Amino acid sequence: MTAADGYVLIALCLIPLGVSMLLFLVPTSQRSSVIALTGISSLAMLALSLYVFFKYAFNGEQFQGVLAWTWMQNVGLLGEKGIQFKVGVDGIGASLVLLTGVVIVPATWVTWKIQDRMKDYFILLYLVTAGVYGAFVILDLFFWFLFYEMALMPMYLLIGVWGSTRKEYGAMKLMMMLLAGSIFIFTVIFALFTHVGAGTFDMVTLLNAPKDAGFQKIFFPLLVIGCGTLGAMFPFHSWSPDGHAAAPTSVSMLHAGVLMKVGAFGVVRLGFQMMPEGGAFWAPALIVLGAGAGLYGAISALRQTDMKLLMGFSSVSHMGYVFLGLGTFNAIGWSGAVLQMTAHGWMTALFFLLIGGMYDQSHNRDIPNFSGMAKQMPIWSIFFIFASMASLGLPGLSGFIAELHIFIGTFRSYPIVGGLAVLTAAITTTYLIRILAQAFFGEMNPRWAHLQEITWMERAGALVLAIAMLALGLWPSPWIQRIAPSIINIPGITL
Amino acid sequence: MHDILGNALNFNMTLLLPEIILAAFAVLVVLVDMFQKELGLKPPTLPILTVLGLVVAGGASLAGIDVHNNFGLLVTIDNFTAFFRITFIAIAIVLVLGSHEYIEKHVNHVAEFYALLLLSTVGAIFMASARDLLVAYLGIEVLSFSLYIAVSLAKNDARSGEAGLKYVLLGGVASAMLLYGLSLLYGVAGSTQYGEIANALGKSTEDLRMPLLLGLTLIVAGLGFKMSAVPFHMWAPDAYEGAPMPVTSYLSVTSKGATLALFLRWFGGPLLPAIADWQWMIAIVAMLTMVVGNLVALQQTNIKRLLAYSSIAQAGFMLMAITTMSDISTSAVLVHLGGYIVTNLALFTAITHFYNRTGKEEITDFRGLSRTNPYLATVITAGLFSLAGMPLLAGFFTKFILFQAVVQGGFLWLVVVAVVGSTVSLFYYLQVIRQMYIFEPEGDTTRWGISGTGYLTTGVLLALIVFIGIQGAPLYTVADRAAYDLFPQGVVRPAASTGAAPAAAPAAPKH
């Protein structure tokens, strides 16, 4: 990528933000304009995300497409570089940009079903999208935190107004827990700025500046707690099942699919890249938390009857793999962690899309109430089974390649934990097979005879996600090529 | 002319032109009201006259930018003064424009109300510009007495009189404490001039430490009362609740801003050499203020009381910057003050218009506002989110800078308390937002609008909230220039990398 490609990165932040502002001007009654505007902009975001991903090629520079505008300098506590609007991606960022682009298109399509205040919904949803893109591409701590918070802020209203089951409780819990997490991030950012003392929030400067080992050891765990809360890291995950169960479909998709990865990405960018010595010191703790989360989430999922709660706990379990992979602190475990972010993002988005498509008609998602759905809704069932297979790690699908890397990495560093992780995968298979056996096969429950097949927009959205999952599963080398050089740049990482 | 010590004195009246204009218009407003019938004037005359006076005075204060002079060694004219002059005058303009309908309907003695508004602005400006303890004290009393009366002016509301009485009694006690503290300070330093005090404290000996500490404690208590800092905040919720809406708004912005200005002038100037004696006091008061303000706000049901406690908590944020007194923290707190003023004015103007229409002020009365008046709901939401420090809005940027400056001054733990408090605050702000957006309206569900001046003021303020949130550089630059004048050249900027407490160099008199 050249510096000129930085404009594409900026466009990725500004398109959703601009659409969100534009929608203020569109009259609520004009649904077709809202649909046209969001349809075009979401496709544009997908196209630009693909462009960024395929244009990124490692050439010795860690960050590519770097562009910076000075926003504030030489005033008060700010020095020469001060606060800049600076963009740029490394390989990890590029793959997460693609993840976002693929999720936002189906999320937009399924939202067109909403009848009540659809315009307001999109205003908030696209603010979240802008925040997520910003968190992946921005290289200035001030703006990074701004976009990070921007991704959280609309969640309360999105869930509280448009959600289902215990929506107010879920919305408030999610909001308060995530903001409690950002207290820690806030603290780390302030401490980092003061410790480096260069008077700048520029991430590249902060990354390269020498930092005391003691400082890193104190502040790395704080950052992991802060970002880990958003990443649904055990034991800071409890907002996630409740929040996802309450959220409307596209919010669940975006939140579980992408926003949780912002948390994990924060651990990588602000944690391991900025404070590598602290990271190396605390990596065993991440192993414990990650393996614990995997096991805990999977066992909890065994007991759930609400489909969305089950997926919420399943997400906790899968995000546990991500933290496990980061904790191995070796290259293969790390590339597994980054692949798992993408794989889990698409897989869980597909799950939530499908559950939403069914729930809109049945207003029920209790697994024991269903049986024989494969007869009533075959296409829906095929996609659901496809997502389940990816989730339990069937070779050829996205989940397999990611988990394989993580398991190999874990076995290299901590063989016993590796065994536990494989056990977790077995439990995952159990709860997924259980839901498939219960809900999809067997006698058709006549209570659901009125259910229709999911809509064409939902089928198209599911297809987009399924293709992406298949691509990652069958041919992961484009991802690995981009991720690996960025990982090797982290000081102290083993091969 | 020279004083008895032989210092050259300068009595150039043009330096005080804005204050003179404001006072003259205050008299004029009362006079015009007396002869309203004879002159055949219609109701909107008084607000128009008030705004005219404010605009003229504002224009005159623009001439005070980059002037470095003093009036008879009593009043300093510098960028710090200019910053607060323009701020206070702008606040008064917004108040009159945004709530003249309310004042017409719900306030006794309209003309006196406008006159008091102008006079209290004069008092507030003198608090920011004084360079002598007595002038500063007079400024405090001009502001306070105007407000004691203004608080009790609400029509047909028993709470208003009660609030006024409570405010005047407690205010009197606070003034007494402050005066006693100032007299002790005079005893230690031997002068009421800021510059002389700084010199004297710079070389004061150990045996004067007890009276100095006692004096400082009393000064902190007296000013803490005006700032509504815990534990001197008891008057604030009652006064806020009972006062007419624009006065509540005024209490939360100008009164607080003027006290902050005084804090900065005193603790950044004459009292800076004694930083070791007062730093811990202010740190404790700031911490208590943030904790108590945010926690008690959680259980409020009345919007005015809620905002009263939220503004108590905000006072705590501002006091943090006093703890780490330096030019960095001063410019940061001025930025924060700017954002806070704009946000609070937007909120209060919107709530005033809500009250004009419904006559209600409980939080549950906001039920379904997003259906009946989506514009007002947006303004209130933006205001509350800005106070909570959400991005793209003023509060995010100003808090970020303020907190970073305090960490720079070596008080990371205080900032952690502040960030936790700020997260707690989101919870009670969301209670209001929840009523507006999640619930359906009850009773009258027709769409309604607000007056033209209402749209103008709230629109401008909303735009400013977003503008500061996106492009805060102009505000920061202005604040930095104002702060620069407060700290004469020669003060060592705290080294950025150490994270230690700022160097407390004595401030040399500038003129």
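No experiment lies behind these values; they were computed from the predicted model shown. Here is how names work: the chains are called A, B, and so on, in the same order as the sequence lines, proteins then strands, and each is numbered from 1.
For the set A/Lys167, A/Glu168, A/Met175, A/Gln73, the entry with the most heavy-atom pairs within less than 4.5 Å of chain B is A/Glu168. Most heavy-atom pairs under 4.5 Å with chain A, from the set B/Ala479, B/Gly472, B/Ser331: that is B/Gly472. The residue among B/Thr477, B/Ile433, B/Thr378, B/Thr423 with the most heavy atom pairs within less than 4.5 Å of chain A is B/Thr423.
The part of B/Ile470 that comes within reach of chain A is its backbone (N, CA, C, O), which places non-hydrogen atoms under 4.5 angstrom from that chain. At a 4.5 Å heavy-atom cutoff, the contact between B/Val415 and chain A is made by side-chain atoms alone. Contact annotation for B/Arg481: neither backbone nor side-chain heavy atoms come within less than 4.5 Å of a heavy atom of chain A. Looking at B/Phe396, only its side chain comes within 4.5 Å of chain A, counting heavy atoms on both sides. If you measure heavy-atom distances from B/Ala405 to chain A, the contacts under 4.5 Å come from both the backbone and the side chain. For B/Leu412, the part lying under 4.5 angstrom from a heavy atom of chain A is the side chain only. If you measure heavy-atom distances from B/Ser329 to chain A, you find no contacts under 4.5 Å at all.
For residues 134-159 of chain A, the interface with chain B (any heavy-atom pair closer than 4.5 Å) comprises A/Phe142, A/Phe145, A/Leu146, A/Glu149, A/Met150, A/Met153, A/Tyr156, A/Leu157, sorted by residue number.
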For the pair B/Gln404 and A/Thr194, evaluate side chain to side chain contact (heavy atoms under 4.5 Å, CB included) and give the outcome as yes or no after the intermediate values.
CA-CA 8 Å; B/Gln404 181 68 67; A/Thr194 307; 3.1 Å; yes
For a side chain to side chain contact (heavy atoms under 4.5 Å, CB included) check, start with the C-alpha distance between B/Val466 and A/Met21, then their side-chain angles and the critical distance, and finish with the verdict.
CA-CA 12 Å; B/Val466 176; A/Met21 299 296 137; over 6 Å; no
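Minimum interatomic distance between A/Phe186 and B/Phe400 (heavy atoms only, all atoms of both residues): CE2-CD1, 3.7 Å.
Proximity of B/Val407 to A/Thr187: side-chain heavy atoms (C-beta onward) are nowhere separated by under 4.5 Å. Side-chain atoms of B/Leu392 and A/Leu127, non-hydrogen and from C-beta on, do get closer than 4.5 Å to each other.
In this structure A/Thr70 satisfies the side-chain hydrogen bond (donor to acceptor under 3.5 Å, both in side chains) test with no other residue, sequence neighbours excluded.
A distance of 8.0 Å separates OG of B/Ser422 from CD1 of A/Ile183, quoted to the nearest 0.5 Å. Separation of atoms CG (A/Leu77) and CD (B/Gln408) is listed at 5.5 Å; rounding is to 0.5 Å. Taking CZ of B/Phe403 as the reference point, atom CZ of A/Phe193 lies at 15.5 Å (rounded to 0.5 Å). Distance check: B/Phe427 CZ to A/Leu179 CG gives 12.5 Å after rounding to the nearest 0.5 Å.
Under the 3.5 Å distance criterion, the side-chain polar atoms of B/Asp480 are left unmatched by any main-chain donor or acceptor of A/Val75.
A salt bridge links A/Asp116 with B/Arg371: the distance from a Lys NZ or Arg NE/NH1/NH2 to an Asp or Glu carboxylate oxygen falls below 4.0 Å.
B/Phe397 and A/Trp71 have their aromatic ring centers within a separation under 6.0 angstrom.
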